[in-house]
Amino acid sequence: MAENIVHLVLARVSGAPEGVKGISLFVVPKFMVNGDGSLGTRNDVHCVSIEHKLGIKASPTAVLQFGDHGGAVGYVVGEENRGLEYMFIMMNAARYAVGVQGIAIAERAYQKAVTFAKDRVQSRPVDGSIKASVAIIHHPDVKRMLMTMRAYTEGCRAMASVAAAAYDAAHHHPDAEVRKQNQAFYEFMVPLIKGYSTEMSQEVTSLGVQVHGGMGFIEETGAAQYYRDARILTIYEGTTAIQSNDLVGRKTARDGGQTAKDIAGQIEATESQLLDQGSADALAVAKRLKAARLAFVDVVEFVAANTKASPNAVFSGSVPYLMLAGNLVAGWQMARSLLVAQEQLEKSVMGVDVGFMKAKITTARFYADHLLTKAPGMRDSIVEGADCVTALALEAF
């Protein structure tokens, strides 16, 4: 469909080693290039079908056919047999980007749901405060859904922003030790941003449909498209389980959980700041953050101690571990935002948006009370519930 296009293709050269060590990366153009740089004859690569997909239909998934009319020409990129290595340079950047895509679609679903909730009139308030039907945003359960959407999105956006800052510091900070620390932090964050943010986007876009009620199931409202489009995000660039394998193996077990524990130490420092701040909201968030951190540390120790000795036990809970870690880190960033907002309000900073800062505090408190509270239960299922995951006989499925 494109007038011109260049494909990056993984393939093998003749005599390449077996397995992933024998994969090379090639540039395969739609048109051959003449010596003077002009476009020449058509290369033997053709699109033979477009897949029919659940969502993201504006981004076509195609079946390509190579060499059906004599042979396609590809140009090797870099060295032979290093294609997978080269691909992962792109893949790691793409994993971060897909996480941000999940955050973006969640934000759009939230915006649409809020607009609908402010316009849709149905039922009187349950507290009798108004004696007529009101916009549904007055109803507590609608507020709960909107706050869930808002808190998830803000927490993940903050997590992604902090990781991006660490990436910059890892590449540009003048101190080599600081660069090393930031690189370790960023690498730990990537599976959380990709895995947690995309899983989150499915819940948020589903809630967006729910806020719309029956109209959410009707294509014309647009809410359903966000739900459908979000569904691919947990799959491509590595499923959530693949991200979890990375988190368990490369990011936790490899260094005995040290990077994870270092992050827990930073979170504990934020807890101390919340206790020093002393407001009711800060103290409540500190309580929830501590419980989530302790749950996380328990799981990290379980993973570090058992990945080699009892791999089935660890990987039975690998995705819950990723979800717990993502939940905690996003909640940590919400706690940090609360501290900044409280400081801005208490100092009466010139030009500060008071409503914005108060909303930050309320959203952080909601995250702590409604989302961080899931962490201890997740810890129990990971550390104590592994056996029942694999206990059922295969013939019983």
Side-chain angles (χ1 to χ4, degrees), residues 1-2 5 47-64 90-91 93-120 122 136-137 139 141-157 159-160 190-244 319-320 322-323 326-327 330 367 370-371 374:
M1 297 175 72
I5 191 168
C47 174
V48 295
S49 70
I50 299 292
E51 303 288 15
H52 300 279
K53 300 190 297 184
L54 175 67
I56 60 166
K57 296 182 179 182
S59 177
T61 299
V63 176
L64 297 181
M90 177 199 74
M91 182 72 81
R95 285 176 171 176
Y96 179 91
V98 172
V100 173
Q101 187 177 352
I103 296 164
I105 199 167
E107 171 66 31
R108 186 65 192 98
Y110 169 70
Q111 291 177 10
K112 193 167 189 67
V114 167
T115 299
F116 182 84
K118 288 180 177 180
D119 290 340
R120 176 73 166 102
Q122 185 178 357
I136 61 173
I137 200 167
H139 302 318
D141 189 62
V142 173
K143 286 184 177 179
R144 178 193 62 80
M145 289 190 286
L146 293 175
M147 285 301 299
T148 301
M149 298 171 77
R150 180 189 184 105
Y152 266 137
T153 305
E154 287 194 14
C156 287
R157 183 186 297 119
M159 178 169 64
V190 170
L192 307 189
I193 292 162
K194 200 286 182 183
Y196 184 68
S197 299
T198 58
E199 294 284 351
M200 171 279 293
S201 73
Q202 291 186 95
E203 183 171 346
V204 168
T205 54
S206 178
L207 284 170
V209 173
Q210 189 74 10
V211 169
H212 283 75
M215 289 303 297
F217 212 69
I218 306 300
E219 287 292 348
E220 283 76 7
T221 65
Q225 182 182 333
Y226 304 135
Y227 189 27
R228 287 187 284 103
D229 288 354
R231 192 61 192 84
I232 188 60
L233 301 180
T234 62
I235 298 171
Y236 67 14
E237 310 302 348
T239 64
T240 308
I242 295 297
Q243 310 306 317
S244 302
V319 168
L322 183 150
M323 297 300 289
N327 187 354
Y367 194 106
H370 291 264
L371 303 180
K374 298 178 180 181

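Just so it is clear, the model here is predicted, and its values are computed rather than measured.
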Side-chain heavy atoms of [X] within contact of [Y], under 4.5 Å:
| X | Y | result |
| --- | --- | --- |
| C47 | I50 | yes |
| E219 | R228 | yes |
| M200 | V204 | yes |
| V209 | T205 | no |
| K374 | L371 | yes |
| L192 | M159 | yes |

From [X] atom [atom1] to [Y] atom [atom2], the distance as rounded to the nearest 0.5 Å:
| X | Y | atom1 | atom2 | answer |
| --- | --- | --- | --- | --- |
| T198 | E237 | OG1 | CD | 11.0 Å |
| Q210 | F217 | CD | CZ | 11.0 Å |
| I193 | I103 | CD1 | CD1 | 7.0 Å |
| K53 | I232 | NZ | CD1 | 7.0 Å |
| M147 | E154 | CE | CD | 8.0 Å |
| M149 | E107 | CE | CD | 9.0 Å |

Counting neighbours of OH on Y226 that are heavy atoms of other residues, nucleotides or ligands and sit closer than 6.0 Å, is the number greater than 12?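 It does: Y226 OH has more than 12 such atoms within range.
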Could you check L322, L233, T234 and say which one makes a side chain to side chain contact (heavy atoms under 4.5 Å, CB included) with E199? T234
side-chain contact (heavy atoms from CB on, under 4.5 Å), that's the test. Do S197 and Q101 meet it? Break it down for me. CA-CA 9 Å; S197 299; Q101 187 177 352; over 6 Å; no
Check: [X] side chain, [Y] main-chain N or O, donor-acceptor pair, under 3.5 Å:
| X | Y | answer |
| --- | --- | --- |
| Q243 | G238 | yes |
| H212 | L207 | no |
| D229 | I105 | no |
| S206 | E203 | no |
| T239 | I235 | no |
| S59 | I56 | no |
| R95 | K194 | no |
| T221 | M215 | yes |

What I want to check is whether the side chains of N327 and Y152 have a donor and an acceptor closer together than 3.5 Å. no
Would you name the heavy atoms of [X] and [Y] that are closest together and state the gap between them?
| X | Y | value |
| --- | --- | --- |
| L146 | A113 | CD2-CB, 3.8 Å |
| A160 | V100 | CB-CG2, 4.3 Å |
| H139 | Q122 | NE2-O, 2.7 Å |
| G208 | A223 | O-CB, 4.4 Å |
| A330 | Y196 | CB-CE2, 4.2 Å |

